[in-house]
Amino acid sequence: MVRVGFGYDAHRLVVGRALILGGVHIPYDLGLQGHSDADVLIHAACDALLGAAGLGDLGRHFPDTDPQLEGVSSVAIMKRVAEMIRNGGFELQNLDTTVVAEAPKLAPYI
């Protein structure tokens with residue numbers, strides 16, 4: 001059976017935060033505001049995976065009110081989501097992502 005999930009995430013750009021996308025640090029003068037590292041790419045991918053498996057959304061499993069998640073790497077969150085997906089008996093076939101940003105240029109980091 002084929003299942004499809006859709007993930008979306010957005011965070012405000014702010015001064016004083018690192019810009020992390022897909023677990024990669026992108027040198028830039030602004031970063032994404034959030035409770036974790038605010039990696040919108042990983043957050044959207046995790047939401048899509050959880051949705052396809054019928055497991056709710058990222059905020060349900062990793063709420064921004066959890067002090068243990070403050071500043072956590074979204075790569076660690078994705079590892080936990082992957083474990084949840086496997087434990088649910090699901091196997092990822094394909095995952096495609098899109099980042100919409102005016103700046104910085106992301107091509108050198110893809």
Side-chain angles (χ1 to χ4, degrees):
M1 172 184 3
V2 175
R3 297 178 72 134
V4 176
F6 180 81
Y8 178 88
D9 197 27
H11 290 261
R12 178 171 279 121
L13 284 167
V14 296
V15 174
R17 293 274 303 207
L19 179 58
I20 309 292
L21 293 173
V24 176
H25 179 264
I26 311 292
Y28 194 58
D29 57 341
L30 301 172
L32 295 167
Q33 182 179 27
H35 187 67
S36 66
D37 64 5
D39 187 330
V40 294
L41 180 56
I42 287 181
H43 292 183
C46 287
D47 258 342
L49 293 168
L50 291 167
L55 296 174
D57 67 6
L58 199 61
R60 174 178 161 199
H61 298 283
F62 306 95
D64 63 5
T65 55
D66 185 343
Q68 292 183 330
L69 296 175
E70 188 169 352
V72 72
S73 166
S74 293
V75 172
I77 291 172
M78 182 172 251
K79 287 178 182 179
R80 289 172 58 188
V81 167
E83 183 179 329
M84 294 166 63
I85 298 302
R86 281 191 302 274
N87 290 343
F90 297 99
E91 181 181 316
L92 176 64
Q93 296 298 313
N94 293 330
L95 177 67
D96 187 41
T97 59
T98 301
V99 174
V100 178
E102 291 181 15
K105 293 283 186 192
L106 300 178
Y109 305 98
I110 296 173

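Computed from heavy atoms alone, side chains included, the values below leave out hydrogens, waters and symmetry copies. Quantities reported herein were computed from a predicted structural model and do not represent experimental measurements. Residues take their numbers from the sequence shown, with the count starting at 1.
Nearest heavy atom pair, residue P63 against residue L69, reads O-CD1, 3.6 Å.
Applying the side-chain hydrogen bond (donor to acceptor under 3.5 Å, both in side chains) test to every pair with at least one member in residues 68-82, sequence neighbours left out, gives these pairs: D37-S74, H43-S74.
Hydrophobic cluster membership of Y8, counting Ile, Leu, Val, Met, Phe, Trp and Tyr whose side-chain heavy atoms lie under 4.5 Å apart directly or via other members: F6. Through direct or relayed side-chain contacts under 4.5 Å between Ile, Leu, Val, Met, Phe, Trp and Tyr, V75 connects to I42, M78.
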In residues 10-32, what donor-acceptor pairs under 3.5 Å come from side-chain atoms, sequence neighbours left out?
| residue | atom | partner | partner atom | Å |
| --- | --- | --- | --- | --- |
| H11 | ND1 | Q33 | O | 2.6 |
| H11 | NE2 | D9 | OD2 | 3.0 |
| R17 | NE | L32 | O | 3.1 |
| R17 | NH1 | G34 | O | 3.0 |
| R17 | NH2 | L32 | O | 3.4 |
| R17 | NH2 | G34 | O | 3.4 |
| R17 | NH2 | S36 | O | 2.7 |

Compile the donor-acceptor pairs under 3.5 Å between side chains in residues 46-62 and protein atoms, sequence neighbours left out, one pair per line.
| residue | atom | partner | partner atom | Å |
| --- | --- | --- | --- | --- |
| D47 | OD1 | L58 | N | 2.6 |
| D57 | OD1 | G59 | N | 3.4 |
| D57 | OD1 | R60 | N | 2.9 |
| R60 | NH1 | L55 | O | 3.3 |
| H61 | NE2 | L55 | O | 2.5 |

Contacts table for residues 88-95: side-chain donor-acceptor under 3.5 angstrom, sequence neighbours left out:
| residue | atom | partner | partner atom | Å |
| --- | --- | --- | --- | --- |
| E91 | OE2 | Q93 | NE2 | 3.3 |

Requested in this report: Could you walk me through whether V40 and V99 pass the side chain to side chain contact (heavy atoms under 4.5 Å, CB included) test, one step at a time?
Outcome: CA-CA 8 Å; V40 294; V99 174; 5.5 Å; no

